[in-house]
Amino acid sequence: SNRITVAIAGGSGYVGGELLRLLLDHPTFTVTQITSERHKGSFVHFTHPNLRQRTRLKFTGLDELEPVQLLFLCLPHGQAMQQIERFTGLAERIVDCSADFRLDDPDLYAEWYGKPHAAPQWLGRFVYGLPELNRDRIRGAQYVSGVGCNATAINLAILPVVQSGLMVADTDLICEVKVGSSEAGNKASDSSHHPVRSGAMRSFAPVGHRHTAEVLQLLAVNRTRARVHMSGTAIDNVRAALATVHLFVPPGTRERGIWKAFRTTWKSEPFVRVVKEAKGNYRYPEPKILAGSNWADVGFALDNSSQRLVCICAIDNLMKGAAGTAVQSANLMFGLDETTGLTFPGLHPI
Amino acid sequence: SNRITVAIAGGSGYVGGELLRLLLDHPTFTVTQITSERHKGSFVHFTHPNLRQRTRLKFTGLDELEPVQLLFLCLPHGQAMQQIERFTGLAERIVDCSADFRLDDPDLYAEWYGKPHAAPQWLGRFVYGLPELNRDRIRGAQYVSGVGCNATAINLAILPVVQSGLMVADTDLICEVKVGSSEAGNKASDSSHHPVRSGAMRSFAPVGHRHTAEVLQLLAVNRTRARVHMSGTAIDNVRAALATVHLFVPPGTRERGIWKAFRTTWKSEPFVRVVKEAKGNYRYPEPKILAGSNWADVGFALDNSSQRLVCICAIDNLMKGAAGTAVQSANLMFGLDETTGLTFPGLHPI
Amino acid sequence: MSDIETASGTVECPVCAQEVTLADVMQNEIVECEGCAGEFEVLTLNPFTLEELGEDDEDYGE
């Protein structure tokens, strides 16, 4: 048959669970193995309850991984690069959702992750897995990385301005991301304890956020020099990332010009919608109605008196910010329709 | 007795309700009347259920207002300035919580509220009611305004930097406020419908927010020129305002210098705490643990590589952002201890 | 009782400039700053010098 065998390494986390959810309804990809050291031998649906009656798969050990056509790696940061030789020996194509192979420059990696890369020779062989930025290079590629969720929200918010030349060199980009709790993964901690986390507006990494590196990389690819300044606030949502990016644009820049830049960049993109509407309850991009969907909604507002432009992007951090984009890239890698298995429109009301 | 008679005009809203809650436990102020056109003749606790068994007051009509020593005005914007002659005839001292008398410059009012002020001759007779900025002028004053909640969160976040000269002239202040739903008051609308509002991260007034005027006024009072750029995001909380202000400080500015500026400004303030802690679950200011309390928590983070300073302030928009500050000012106006009736520390966990 | 040297007094926190009050502290004792919750090792007693211990930065996931 034309089925493609797939394995998910590190499948007990939220991203692994999302991948499996998507792939169970995918016409071509078939998950044959999903690993978890902690839940080895146990049914997957005991960890991912939304998949009850949808799969009878059990978790296997990482060491029991068998050859497959496509391998998704969802291991903790640092593990993929330690075992990359073994994984590339087992799988024809790999999508690594960790941060290990997102950056193509080993120095950028060391600078932002505080330790030298364990397999720098492999960095150049992975394509950064954001189709909206790298579609041609991802198409038919053998090895593709995943994306950081905050970086993706910021990158999609600013791409029109970056590509349209509306941004002068060395512009300061003040990037505020509001994020949900699932971003920190499924490991409980003191600060994720419900009475502490519920109703939170928690400033985190007000400076020095690791995802800055991926934003810098997008700018470099577009030969644009800008300074990226990130701050995060953790909010009470579970799935959500909202990037609000502030920058100053040259005098004379008008709203129509920005509309054109957004239209030019996004008009043929299957998963990005421009949302800036004069009425209704959802006039600007809003993460909650994207939960479970692969869409990124983008919008902007221009203050004509000060030439401050606010670029906004909403995504589901587990979908467009991780698993959805990984499947989108995998579709491209195997020459399939990019939207295969990714058309769920999200829920409203929610 | 040494009791002081108090009336609340426009008492059915959230701010009016908070004022009554605070004043019921105030040793000196006694509420004799509370008005509401819509609920005239009905018991107050049918509108403010947390006050059941705490008061047997009924709402009266605005036209039945009798002479009192202290009058709190919580009327919709525009009404106080229409009837100011009548109110000043009835009350020895007035605190107006609306936006009508916050700005001392009629032009600034017209610019930001889009219509000429109805009683400009009275503007100069009201003191802007932020004790942390105007304590001496409020002490013994006859007429004092309330404060805008978003403006207060921003003003308290930046005051140390403004007063310490750490800010060069014409600095751009990127001010993001994350706010709860009670800020919009108790009138239901399509966008406040629960299925729509719940879990929201709604960008509002990304540009041109009215509270900007009060921030400009604080800067003017401190003879500091800066450009204020505000954006708001409505979040799922009910009571909360978190201001995150981004600015660039001169090269060589060090964290210790900023700590000293924060200490100098806040060391003797009864309701402002500097919160920047190396451990624990609440390392930066967090609104939810301030719900119902009059405290403002302030903090900062400095990015040494880019000299970007992030100033943070958390408040309860109904308390330090409105009713609590109004009572604090009233205490000062009558020569009482400023903290009287305002020492509730907030709840944890919440 | 062995006569381990202790000292009392105040010292400015190296991180946040808060005045930290120390009572009968020994050399190499760990003390906490009231202003910034930072933890410091008392390197010397007269005068007091404090050295910051590693901050356990919160895991921001991503």
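Naming convention: chains lettered A, B, ... in sequence-line order (proteins, then strands); numbering from 1 in each chain. Remember, it's a predicted structure, so these values are computed and weren't measured experimentally.
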### Query
What is the distance from atom NE2 of A:His229 to atom CD1 of B:Ile174, rounded to the nearest 0.5 Å?
10.0 Å

### Task
Could you grab the distance from atom CG of B:Asn281 to atom OG of A:Ser191, nearest 0.5 Å is fine?
5.5 Å

### Message
So for B:Arg227, is it side chain, backbone, both, or neither that comes closer than 4.5 Å to the heavy atoms of chain A?
### Response
neither

### Query
When rounded to the nearest 0.5 angstrom, what is the spacing between OG1 in A:Thr212 and CG in B:Asp303?
8.5 Å

### Query
Is chain B contacted by the side chain of A:Ile289, its backbone, both, or neither, given a heavy-atom distance below 4.5 Å?
neither

### Message
I'd like to check A:His246 versus B:His246 (side-chain heavy atoms, cut-off strictly below 4.5 Å). Are they in contact?
### Response
no

### Message
Measuring from atom NZ of B:Lys178 to atom CG of A:Leu242, what distance do you get when rounded to the nearest 0.5 angstrom?
### Response
10.0 Å

### Query
For chain B, which of A:Ser306, A:Ala291, A:Ala200 has the most heavy-atom pairs under 4.5 Å?
A:Ala200

### Task
With a 4.5 angstrom heavy-atom cut-off, could you sort out which part of B:Thr244 is near chain A: side chain, backbone, both or neither?
both

### Summary
Taking every heavy atom of B:Met201 against every heavy atom of A:Glu286, the minimum-distance pair comes out as N-OE2, 2.5 Å

### Task
Taking A:Asn237 for its side chain and B:Gly199 for its backbone only, find out whether a donor-acceptor pair lies under 3.5 Å.
yes

### Query
If you round to the nearest 0.5 Å, how far is CZ of B:Phe204 from CZ of A:Arg283?
13.5 Å

### Query
So which part of A:Asp172 gets closer than 4.5 Å to some heavy atom of chain B, the side chain, the backbone, both or neither?
side chain

### Task
Could you tell me which residues satisfy side-chain hydrogen bond (donor to acceptor under 3.5 Å, both in side chains) with A:Lys288, sequence neighbours excluded, listed by chain and number?
none

### Query
Can you tell me if B:Arg308 and A:Ser231 form a side-chain donor-acceptor pair at under 3.5 Å?
yes

### Query
What part of A:Val228 is in contact with chain B, defined as an atom under 4.5 angstrom from a non-hydrogen atom: side chain, backbone, both or neither?
neither

#### Entry: Top of B:Arg202, B:Arg197, B:His348 for chain A proximity - count of heavy-atom pairs under 4.5 angstrom
B:Arg202

### Message
Counting only heavy atoms from other residues, nucleotides and ligands, does the tally under 6.0 Å from NZ of B:Lys187 exceed 12?
### Response
no

